[in-house]
Amino acid sequence: MTVDRQLLQMELAMLNTVIIGASGYTGAELAKMVSRHPQLTLAGLYVSATSLDANKPLSELHGQLKGIVDLPLQPLIDFKTTAATADIVLLATAHEVSHDIAVEFLDAGCQVFDLSGAFRVKADGFYQQYYGFEHQYGQWLDNAVYGLAEWNQADIAQAQLIAVPGCYPTASQLALKPLVVAGLLDCQQWPVINAVSGVSGAGRKASMTNSFCEVSLQAYGLFSHRHQPEISHHLNCDVIFTPHLGNFKRGILATITAKLASGVTADDVTAAMEAAYSNATDQHAVRLLNNNTAQLDNVVGSCFCDIGWQVQGEHIILTAAIDNLLKGASSQAMQCINIRNGFPQLTALM
Ligand SMILES: NC(=O)C1=CN([C@@H]2O[C@H](COP(=O)(O)OP(=O)(O)OC[C@H]3O[C@@H](n4cnc5c(N)ncnc54)[C@H](OP(=O)(O)O)[C@@H]3O)[C@@H](O)[C@H]2O)C=CC1
Ligand SMILES: CC(=O)N[C@@H](CCC(=O)OP(=O)(O)O)C(=O)O
């Protein structure tokens with residue numbers, strides 16, 4: 001095949017990708033990844049119709065993108081035209097916004113990757129109780145696939161709507177799932193998850209809770225955070241989950257204490273972890289630390305989830321660390337795009 005023909009074939013395979021909510025923290029990370037992906041074309045960056053940032057170059061808001069992504073942020077006004085230009089739509093928008101607009105792109109046949117919680121949990125009354133709105137798109141909710149990349153590959157590969165998991169649920173489930181699936185936990189004794197997040201987890205918009213002088217180290221959402229039912233639902237095991245806000249920018253460290261099922265040994269745990277992650281044939285984004293503890297410095301800025309654990313008697317303590325904006329959101333969305341479209345899973349992420 002001639003070089004020209006090869007180039008033509010590559011061009012034909014390029015997928016037009018638009019990002020809605022591109023000026024936010026996760027949106028800007030997505031823009032960087034899409035721009036360096038060999039099979040994706042960054043076809044448009046969008047903000048709300050009334051955004052004060054409309055028409056500014058993305059790099060004016062996020063200086064590290066200067067010379068990398070200088071495209072302007074467009075106000076999202078005409079859904080039909082935007083959808084017609086896109087093969088892939090990334091929704092880096094608030095839950096209510098994603099809930100309202102996803103259908104516009106789904107009906108147009110686009111692949112939709114939603115970073116919000118709008119399509120993650122199919123359970124009666126869940127959205128009213130935890131998100132404060134009644135879900136209007138039951139059929140799309142039923143069809144949505146939960147994008148926990150290391151665990152749901154077969155379904156992700158077939159889906160039109162992928163609900164990318166929340167940041168705390170990603171760290172928590174990646175650590176606990178190998179044990180639950182292998183039947184190594186005593187789930188009668190609910191695993192206890194304490195997780196600390198950097199302030200970027202709350203998004204870019206100014207508010208009292210993410211204001212520099214207001215942020216301390218504190219627990220919040222006791223017994224009421226929406227990620228508790230998200231974790232329990234997808235893990236198939238009840239948990240106690242307590243999030244904490246830390247006075248740093250990025251990263252989540254989850255420390256999880258659980259009771260092992262009767263007779264389970266440290267070797268059984270190691271075997272289950274390795275079966276889940278070390279023996280996988282495809283690339284993925286989990287690194288096992290065995291007896292070492294996970295730490296933020298090793299994952300911030302990367303697509304990895306690091307997991308360590310120690311067993312003493314019938315108890316286990318696991319630690320899991322991720323970058324909340326990457327494995328907790330944008331890079332996991334990119335893993336899902338890669339899985340969905342048959343690209344190596346970590347394309348554009350390393
Ligand atoms: N931050 C994190 O660590 C994580 C975030 N998520 C989820 O990802 C999503 C995005 O989060 P994050 O990047 O932090 O949020 P930000 O608040 O930083 O960004 C939100 C973006 O949405 C835009 N926007 C607001 N309203 C609309 C609208 N009606 N139409 C189009 N664009 C709109 C905003 O721009 P403008 O207001 O100017 O229009 C901005 O670009 C949220 O659902 C969040 O829950 C998930 C996991 C982790
Ligand atoms: C520090 C902080 O405020 N974190 C956010 C979670 C961010 C996240 O994962 O977003 P989803 O809501 O899309 O799941 C919170 O607790 O609401």
Side-chain angles (χ1 to χ4, degrees), residues 18-31 44-56 58 61-62 73-79 82 89-102 104-105 113-121 127 130-131 146-148 163-173 195-210 214-215 217-222 224-231 234 241-254 300 322-333:
V18 304
I19 302 170
I20 317 291
S23 68
Y25 285 146
T26 61
E29 290 292 346
L30 288 168
L45 301 174
Y46 291 89
V47 286
S48 59
T50 55
S51 174
L52 296 175
D53 295 319
N55 304 313
K56 292 180 188 166
L58 178 62
L61 274 65
H62 296 273
L73 295 158
Q74 304 174 56
L76 181 58
I77 297 165
D78 178 356
F79 287 95
T82 303
V89 177
L90 283 151
L91 299 178
T93 40
H95 319 295
E96 300 79 359
V97 175
S98 290
H99 168 271
D100 292 350
I101 71 177
E104 305 274 358
F105 301 106
F113 298 81
D114 178 24
L115 277 67
S116 88
F119 294 93
R120 289 183 197 147
V121 177
Y127 281 94
Y130 288 98
Y131 286 79
Y146 191 62
L148 192 64
V164 182
C167 47
Y168 293 117
T170 294
S172 306
Q173 291 178 85
V196 190
S197 171
V199 186
S200 59
R204 187 163 183 267
K205 201 169 263 163
S207 81
M208 275 307 268
T209 45
N210 63 15
E214 300 295 321
V215 175
L217 174 57
Q218 70 218 62
Y220 64 101
L222 276 64
S224 61
H225 197 281
R226 63 190 181 287
H227 287 171
Q228 184 273 325
E230 182 181 328
I231 297 167
H234 289 287
F241 165 65
T242 310
H244 298 67
L245 188 65
N247 55 1
F248 51 92
K249 288 186 185 177
R250 294 167 78 132
I252 284 184
L253 178 68
V300 168
I322 58 169
D323 185 321
N324 54 297
L325 295 178
L326 296 176
K327 184 59 178 164
S330 304
S331 71
Q332 180 142 255

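Computation of the quantities below employed the complete heavy-atom set of this structure, encompassing side-chain atoms and omitting hydrogens, waters and symmetry-equivalent molecules. One-based numbering, in listed order, for ligands and for the atoms of each. Along the sequence shown, the residues carry numbers beginning at 1.
For atom 2 (C) of ligand 2, the closest heavy atom belonging to the protein is Tyr220 OH, 3.3 Å. Of all protein heavy atoms, the one lying nearest to atom 8 (C) of ligand 2 is Cys167 SG, 3.2 Å. Here the heavy atom of the protein found nearest to atom 14 (O) of ligand 2 is His227 NE2, 2.4 Å. Taking atom 34 (C) of ligand 1 as the reference point, the nearest protein heavy-atom neighbour is Ser23 OG, 4.0 Å. Nearest protein heavy-atom neighbour of atom 45 (O) of ligand 1: His95 CE1, 3.4 Å. Of the protein's non-hydrogen atoms, the one nearest atom 37 (O) of ligand 1 is Lys205 NZ, 3.8 Å. The single protein non-hydrogen atom nearest to atom 11 (O) of ligand 1 is Thr26 OG1, 3.7 Å, given as residue, atom name and distance. Among all protein heavy atoms, the one lying closest to atom 15 (O) of ligand 1 is Gly203 CA, 4.1 Å. Ranking the protein heavy atoms by distance from atom 1 (N) of ligand 1 puts Ser200 O, 3.0 Å first. The protein heavy-atom contact nearest to atom 10 (O) of ligand 2 is Arg226 NH2, 4.0 Å. Remark: minimum distance from atom 29 (N) of ligand 1 to any protein heavy atom is reached at Val97 CG1, 3.6 Å.
By the criterion of a heavy-atom distance under 4.0 Å, the side chain of Arg120, and not its backbone, is placed next to ligand 2. Heavy atoms of Asn324 found under 4.0 angstrom from ligand 1 belong to the backbone as well as the side chain. Only the backbone of Ala94 comes within 4.0 Å of ligand 1, counting heavy atoms alone; no side-chain atom from C-beta on gets that close. Within the 4.0 Å heavy-atom criterion, the part of His225 lying near ligand 2 is the side chain and not the backbone. Residue contacts with ligand 1 for Leu115 involve both N, CA, C or O and side-chain atoms from C-beta outward (heavy atoms, distance under 4.0 Å).
Against a heavy-atom cut-off of under 4.0 Å, Gly21 is close to the following atoms of ligand 1: 21 (C), 22 (O), 23 (C), 32 (N), 41 (O). Less than 4.0 angstrom separates some heavy atom of Leu325 from each of these atoms of ligand 1: 1 (N), 2 (C), 3 (O). Taking every non-hydrogen atom of Ser197 and a distance limit under 4.0 Å, the qualifying atoms of ligand 2 come out as 1 (C). Taking every non-hydrogen atom of Ser116 and a distance limit under 4.0 Å, the qualifying atoms of ligand 1 come out as 43 (O). For ligand 2, the atoms lying closer than 4.0 Å to a non-hydrogen atom of Leu245 are 1 (C). Near Ser51, with a cut-off below 4.0 Å to any heavy atom, the atoms of ligand 1 are 36 (P), 38 (O), 39 (O). Taking every heavy atom of Arg204 and a limit of under 4.0 angstrom, the matching atoms of ligand 1 come to 16 (P), 17 (O), 18 (O). Shown in contact with Ala92 at under 4.0 Å from a heavy atom are these atoms of ligand 1, numbered in order with element: 9 (C), 10 (C), 20 (C), 21 (C), 22 (O). Each of the atoms 11 (P), 12 (O), 13 (O) of ligand 2 lies under 4.0 Å from some heavy atom of His95. Every atom of ligand 1 is numbered from 1 in the order shown, and the set under 4.0 Å from a heavy atom of Ala329 is 47 (C), 48 (C). Close contacts of ligand 2 with Leu115, meaning ligand atoms under 4.0 Å from a residue heavy atom, involve 13 (O). Listed by atom number, the atoms of ligand 1 under 4.0 Å from Gly328 heavy atoms are 47 (C), 48 (C).
In terms of modelled atom types and a separation under 3.5 Å, the side chain of Asn210 and the main chain of Ser207 share a donor-acceptor contact. No donor-acceptor distance shorter than 3.5 angstrom exists from the side chain of His99 to the backbone of Phe119, with no hydrogens or angles considered. Side chain of Tyr127 to backbone of Val121: a donor-acceptor contact under 3.5 angstrom is found.
If you check each of Gly166, Ser98, Gly201 against atom 4 (N) of ligand 2, the one with the closest non-hydrogen atom is Gly201. Nearest residue to atom 43 (O) of ligand 1 from Asp100, Thr93, Leu76 is Thr93 (criterion: closest heavy atom).
Of the N and O atoms on the side chains of Asn324 and Ser197, not one donor lies less than 3.5 Å from an acceptor on the other residue. For Ser330 and Thr26, the side-chain atoms include no donor-acceptor pair closer than 3.5 Å. Using modelled atom types, one finds a donor on one side chain and an acceptor on the other under 3.5 Å when comparing Gln332 with Thr170.
Checked by distance only, ligand 1 and Tyr25 come closer than 3.5 Å through their nitrogen or oxygen atoms. The distance criterion of under 3.5 Å between nitrogen or oxygen atoms is met by Gly24 with respect to ligand 1. Checked by distance only, ligand 1 and Ser48 come closer than 3.5 Å through their nitrogen or oxygen atoms.
Ligand 2 lies nowhere less than 4.0 angstrom from a heavy atom belonging to Asn324. Under a 4.0 angstrom heavy-atom cut-off, Glu230 registers as lying outside contact with ligand 2.
Side-chain rings of His244 and Tyr220 stay apart, their centers remaining 6.0 Å or farther from each other.
To the nearest 0.5 Å, atom CD1 of residue Ile19 and atom OH of residue Tyr46 are 11.0 Å apart. The line from CG of Leu326 to CG of Leu30 is 9.0 Å long, rounded to the nearest 0.5 Å. The structure places CD of Glu230 at 3.5 Å from OH of Tyr146, a figure rounded to the nearest 0.5 Å. Here Leu73 contributes atom CG and Ser23 contributes atom OG; the two are 5.5 Å apart, rounded to the nearest 0.5 Å.
Closest of all the heavy-atom pairs between Thr242 and Ala219 is CG2-CB, 4.0 Å. Contact between Asp53 and Arg204 at its shortest, heavy atoms only, is OD2-NH1, 4.4 Å.
More than 12 non-hydrogen atoms from other residues, nucleotides or ligands lie less than 6.0 angstrom from NZ of Lys56.
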